Number of protein chains: 2
Amino acid sequence: MVIPHSAESRYTKPVLVAVNKPLDEEDGLEKLRSHALFRSLKAHDLDHLIQQSRRLRLGHHQLLYRQDRPAHHFFFVISGRLRLYRLDSSGIDRTLDSIAPGDCFAEVMIYADPPRYACYAEALKSSEVLMIPVKAYQELLNQHPEYAQAALRHYAMRAVTRFHDLEIMTVQSARDRLIRYLIDLLPNGGQESGEVELPLPKCLVASRLAMQPETFSRILADLKANGLVRVNRSKLFISDPQRLIAISQ
Amino acid sequence: MVIPHSAESRYTKPVLVAVNKPLDEEDGLEKLRSHALFRSLKAHDLDHLIQQSRRLRLGHHQLLYRQDRPAHHFFFVISGRLRLYRLDSSGIDRTLDSIAPGDCFAEVMIYADPPRYACYAEALKSSEVLMIPVKAYQELLNQHPEYAQAALRHYAMRAVTRFHDLEIMTVQSARDRLIRYLIDLLPNGGQESGEVELPLPKCLVASRLAMQPETFSRILADLKANGLVRVNRSKLFISDPQRLIAISQ
DNA sequence: TTGAGTAGTTGACTTAACTCAATTATTCGC
DNA sequence: GCGAATAATTGAGTTAAGTCAACTACTCAA
């Protein structure tokens, strides 16, 4: 599936707009402080890191960075939502992840010299991110090696998350992949009923799950017809996750 | 697909056999020294770590560790080959990775308390591994925080590798997933022709690529009939990777 | 508020991949 | 080296999911 807007953004230089207002509590400073990567940092060190960072505003569908370009920064999402995707030689767009406020991201091929981004990152709606220089963070780690522990744990966890994503994708039927994807969106891993919001537009969830939008739509319609989910735009109410899990086998 | 031997090993306590012979140059000590996680270590520190580790021999299909069990060790492969897989509630076995001599592994859910393995690990043939206590490695990092840099890079790279694996799995056609998998096995990323050896038996490569063994066999037969690959047991000769890439779009 | 463009749905038809079954190779322990 | 067990291949029939097309429902920007 070729997504028009991303094919277009491929040829658009990202013009990044800085926001000069400093980060305040309402802007997610609290979320930043409590992020796994930063919560072990002394206030003074975190402040210094923030001072070396820039706050950016991204418009709807605006490109933040490109696959294979040198990666001098990583990012913290203040507001909005982004998606990570890769393009292959035929221009097919594969959505691989979505990023919510409070997340920190940038898949970087760290052994390349210079390190390069492993994917494109694009805002799904108007968003704000904090652009943190890798160098500044590395200097901080050099000065305070005890901080590296948190970074190590963060990356180890990320590797396991991707490993889990990979497991879902080895499920052969489109229907079962979708069910497992929905269950994973539920807070307690499907122990109790709940409402989930799709982190991506439906056509991109379909891309993420290696199926056509039509197939996604039909599977969801079928689950709805069987009383397994109630659908309201991008919000899905799952009344009985266990029943959903049961039919996926 | 339920793989008989793994369903069986599920109920078999892994009886790990220690090898008392110390690691020597022929046993992959050189490979261990040059591994990304260890090459920055001073000889003395690495020796101490090895002394705290145990060398294990694994028989064909022997289970090394189980998903969700406490993870007190990680592993370095001296010889043989292992696979990582997960089992779901219906007993379906999903092969997610294979591990070769010289690799270091253990996907660990590090935020769990205690940390737990994120998958099963099993020897594909008789193998030897070095079982390294996580505690010993962590103590080493505490004493020499500069070593954490290497670990951080290793995990960051692992996350990117899994991200790339995920990308392949978002390819919708079984044929194209197989082609991309083969291209990735080639040394230069498909720039030049070469022979690749499947790191897993064909039925497990099929599982890894979310297809049936029959489908795998038919696709390979078709590629062979079109002169795109020459097949000799688990060795495949790919004479023109670019042509293979071209037909996968 | 309107209209253009994108996203989502549904139907009809086609095809890739699955399933089941039978047969042939391989592997590995004895 | 033999024989049982597992892995791989091939055929035939079925089905899930893709494709193409038409239509509807949003969204966003002028």
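So that the names make sense, note that chain A is the first sequence line, chain B the second, and so on, each numbered from 1. Bear in mind that the values here come from a model prediction, so they are computed numbers and not experimental data.
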Q.
Restricting to ring-ring contact (aromatic ring centres under 6.0 Å, His included), what partner residues turn up for B:F105, sequence neighbours left out?
A. B:F75

Q | Bending between helix ends of the helix from C:dT1-D:dA30 to C:dC30-D:dG1 [5 pairs per end, 10° resolution] | A | 70°

Q. Considering residues at least two apart in sequence or located in another chain, which fulfil the side-chain hydrogen bond (donor to acceptor under 3.5 Å, both in side chains) criterion with A:R162?
A. A:D97, A:E107

Please write out each protein N/O paired with an N/O of nucleotides 13-16 of chain C under 3.5 Å, distance rounded to 0.1 Å.
none

**Q.** Under 4.0 angstrom between B:Q172 side-chain N/O and D:dA17 OP1 or OP2
**A.** no

Q: With sequence neighbours left out, write down each residue that passes side chain to side chain contact (heavy atoms under 4.5 Å, CB included) with A:A246, or none if nothing qualifies.
A: none

Strictly under 3.5 Å: I want the nitrogen or oxygen pairs between protein and nucleotides 20-22 of chain C, one per line.
unit_1: C:dC20; atom_1: N4; unit_2: B:E214; atom_2: OE2; d: 3.2

Please write out the pairs of protein N or O atoms and N or O atoms of nucleotides 25-30 of chain D separated by less than 3.5 Å, giving the distance to one decimal.
unit_1: D:dT27; atom_1: OP2; unit_2: A:R233; atom_2: NH1; d: 3.2

Q) What pairs of residues pass the salt bridge (charged side-chain N to carboxylate O under 4.0 Å, His left out) test when at least one of them lies in residues 175-201 of chain B, not counting sequence neighbours? A) B:E167-B:R180, B:R175-B:D222, B:E197-B:K235

Q) In chain order, what residues pass the ring-ring contact (aromatic ring centres under 6.0 Å, His included) check against B:F163, with sequence neighbours excluded? A) none

Q: List for me each residue that meets side chain to side chain contact (heavy atoms under 4.5 Å, CB included) alongside B:S217, sequence neighbours excluded, and say none if there are none.
A: none

Q. Who are the side chain to side chain contact (heavy atoms under 4.5 Å, CB included) partners of A:A221, not counting sequence neighbours?
A. none

Q. Quick one: side chain to side chain contact (heavy atoms under 4.5 Å, CB included) partners of A:D240, sequence neighbours excluded?
A. A:Q242, A:R243

